[in-house]
Amino acid sequence: MKQLFYLFCLLLGPLGALAQVPADTVRQPRTVALDTVAVAPQAVDTQGWLLLDPDIRGELGGAVANLYNFKFDRAERQFRSLRRRYPHHPMPYFLLGLNVWWKMMPSNFTDTKYDRLFLAYMDTTIALAKRRYDADDKNYEACFFLSAAYGFEARLFGERSSYAKASLYSKRALNYLERSREANGLSPEFLLGQGLFNYYADVITEAHPWLKPVLVFFPKGNRVLGLQQVRTVATEGFYTRTESKIQLVDMLESTREKNPMGALQICAGLLAEFPDNAYVQREYAKLCFVTGNIGAGEAVSRQLLDKINLGLPGYEATSGRYAAYYMGYYNQFIYHNLTAAKDYYLRCIVFAEISNQTQQRYYSYANGNLAKIAVQEHDATAARRYYQAVLDHADKTLPLRAEAQQYLKPRKK
């Protein structure tokens, strides 16, 4: 998997999925058994909570739909309008930060030009939410924004290898998540963080052992329960519905769940709703490739490359590397069009080099497959060049390295 899901990824978007609800859809009120929650809804003063304001929901549904469909300028104008009316509430700053976050997503966070702006929005969110929490420690909306903003910052620090800051901020995020747990009965939005915590706490320390000192202060996770909770939010949530679906895609395609067909089905629904989301489209192309859905995989890969050529927002070299590799593979092994295959593999290599992602596997496999074609065409010079690129860049665990070493061994005359 390409994504690094740190434990604080459980907070990756508690407000980050304000999904647009069709006008002709009527949602039934959620029934909550009071013996299953820590705080009865009527026991909490929710006055001034924009998170539960139905008018704000109606207003923001379209705005965040624009965000998820990569219409960033439109979304930003709508979020700025909210900020003009609520300059001292954390929500508009969080949403503006989220808008920046999704500009970073398609590059797998290799592009650092948005870091300062993103952190500024999240810092402001934290400051305003902390002020509300200090005035009322039962303000679970404030806890919600604090956990989310700290979680996002922790994730970014982790991506930037600032592990001390990532550990500190993830601990703060989890502290506020634990406090907001009492509000799960107020809205399904609060449940996403708990679900992701339960799911990833079981496995995260295997990938990121530096988080063990943080996890010792928190309850153990429950993968099965966590997956169930995220599914519930994906069905019942308003603000967190889309984010929950995106998280489900990653969960189901993982080696833990081994359900790529389930992930493909969810991803197809997301792509239908957000056809210009480069990240979702790339995930769909990958899942089609993994599951052998050649027709759809070829079509969506072509669309990705076309949108890159058009310069649409979010369509850049990382997505190009994926799509070009898939098209090269289809042409080499399905259609046996070696001329087209070579062209796409070379495009994959160029996309990887201009984005400084030559350590990624598709770069190595593109070189390896070009080497195979060169051998087939009796072009020893090209074969040696491509196999040497494999040795220079491929992960040591890839079997492709052994193939390259074998070919490049000095031959007896």
- prompt: Distance-only, no hydrogens or angles: does the Arg282 side chain make a donor-acceptor pair with backbone N or O of Pro106 under 3.5 Å?
  reply: yes

task: For Asn108 and Thr110, indicate whether the former's side chain and the latter's backbone hold a donor-acceptor pair under 3.5 Å.
output: no

field: Residue pair Gln229, Gln194: steps toward the side-chain hydrogen bond (donor to acceptor under 3.5 Å, both in side chains) verdict
entry: CA-CA 8 Å; Gln229 289 171 323; Gln194 294 296 327; over 6 Å; no

- request: On the 0 to 90° scale, with breaks at 30° and 60°, tag the Phe152-Phe118 ring pair as parallel, tilted or perpendicular.
  value: perpendicular

Worked verdict on Tyr169 versus Phe157 for ring pair (Phe, Tyr, Trp, His ring centres under 6.0 Å): CA-CA 9 Å; Tyr169 278 62; Phe157 288 134; 5.3 Å; yes

- prompt: Rounded to the nearest 0.5 Å, how far does CE of Met251 lie from CZ of Arg223?
  reply: 10.5 Å

Atom pair CG (Asn337) and NZ (Lys342), whose distance is rounded to the nearest 0.5 Å: 10.0 Å

field: Test log, rule salt bridge (charged side-chain N to carboxylate O under 4.0 Å, His left out), inputs Lys130 and Asp134
entry: CA-CA 6 Å; Lys130 188 67 164 59; Asp134 288 344; 2.9 Å; yes

- prompt: Tyr345 pairs by ring pair (Phe, Tyr, Trp, His ring centres under 6.0 Å) with which of Tyr326, Tyr386, Tyr325, Tyr362?
  reply: Tyr325

field: Ring center gap for Phe333 and Tyr329 short of 6.0 angstrom
entry: yes

- request: Taking only Lys NZ, Arg NE, NH1 and NH2, and the carboxylate oxygens of Asp or Glu, determine whether Glu59 and Arg85 approach each other closer than 4.0 Å.
  value: yes

task: With Trp102 as reference, evaluate Tyr68, Phe72, Tyr114, Phe274 under the ring pair (Phe, Tyr, Trp, His ring centres under 6.0 Å) test and give the passing residue.
output: Tyr68

field: Heavy atoms of other groups near Arg401 CZ, more than 12 under 6.0 Å
entry: yes

- prompt: Got more than 12 heavy atoms from elsewhere within 6.0 Å of CD, Gln265?
  reply: no

message: Show, in sequence, the C-alpha distance, side-chain angles and deciding distance for Tyr199 and Phe197, and conclude whether the ring pair (Phe, Tyr, Trp, His ring centres under 6.0 Å) test is met.
response: CA-CA 5 Å; Tyr199 186 85; Phe197 176 84; over 10 Å; no

- line: Of all heavy-atom pairs linking Asn69 and Pro275, the shortest is OD1-N, 3.2 Å

message: side-chain contact (heavy atoms from CB on, under 4.5 Å), that's the test. Do Glu273 and Val280 meet it? Break it down for me.
response: CA-CA 10 Å; Glu273 191 171 3; Val280 170; over 6 Å; no

field: Sidechain-backbone polar pair: Ser319 side chain, Tyr315 backbone, donor-acceptor under 3.5 Å
entry: no

- request: Please determine if Glu236 and Arg241 form a salt bridge, counting it only when a charged side-chain N lies under 4.0 Å from a carboxylate O.
  value: no

query: Salt bridge check: are Glu153 and Arg172 linked by an N-O gap of less than 4.0 Å?
result: no

field: Closest approach of Leu398 to Ser364 (non-hydrogen atoms, all atoms of both residues)
entry: CD1-CB, 4.3 Å

- prompt: Ignoring hydrogens and geometry, is there a side-chain-to-backbone donor-acceptor pair from Ser167 to Tyr163 under 3.5 Å?
  reply: no

message: Looking at Asn309, I want to see if its CG is surrounded by more than 12 non-hydrogen atoms of other residues, nucleotides or ligands under 6.0 Å.
response: yes

- prompt: Can you name the nearest heavy-atom pair linking Met91 to Ile56, along with the distance?
  reply: SD-CG2, 4.0 Å

- prompt: Is Lys165 atom NZ crowded by more than 12 heavy atoms from other residues, nucleotides or ligands, each under 6.0 Å away?
  reply: no

task: Answer whether the closest heavy-atom distance between the side chains of Glu243 and Val233 falls below 4.5 Å.
output: no

- request: Could you tell me which non-hydrogen atom of Ala340 sits nearest to which non-hydrogen atom of Asn331, and how far apart they are?
  value: CB-OD1, 3.5 Å

- request: Apply ring pair (Phe, Tyr, Trp, His ring centres under 6.0 Å) to Trp49 and Phe145, showing your working.
  value: CA-CA 11 Å; Trp49 289 21; Phe145 285 112; 9.8 Å; no

- prompt: Do Tyr121 and Tyr93 have their ring centres less than 6.0 Å from each other?
  reply: no

query: Under 3.5 Å, side chain of Asp111 to main-chain N/O of Lys113, donor-acceptor pair present?
result: yes

- prompt: Step by step, would you call Glu403 with Tyr387 a side-chain contact (heavy atoms from CB on, under 4.5 Å)?
  reply: CA-CA 8 Å; Glu403 179 183 319; Tyr387 273 133; 2.5 Å; yes

Aromatic ring pairing Tyr176/Tyr133, orientation class (parallel under 30°, perpendicular over 60°, tilted between): perpendicular

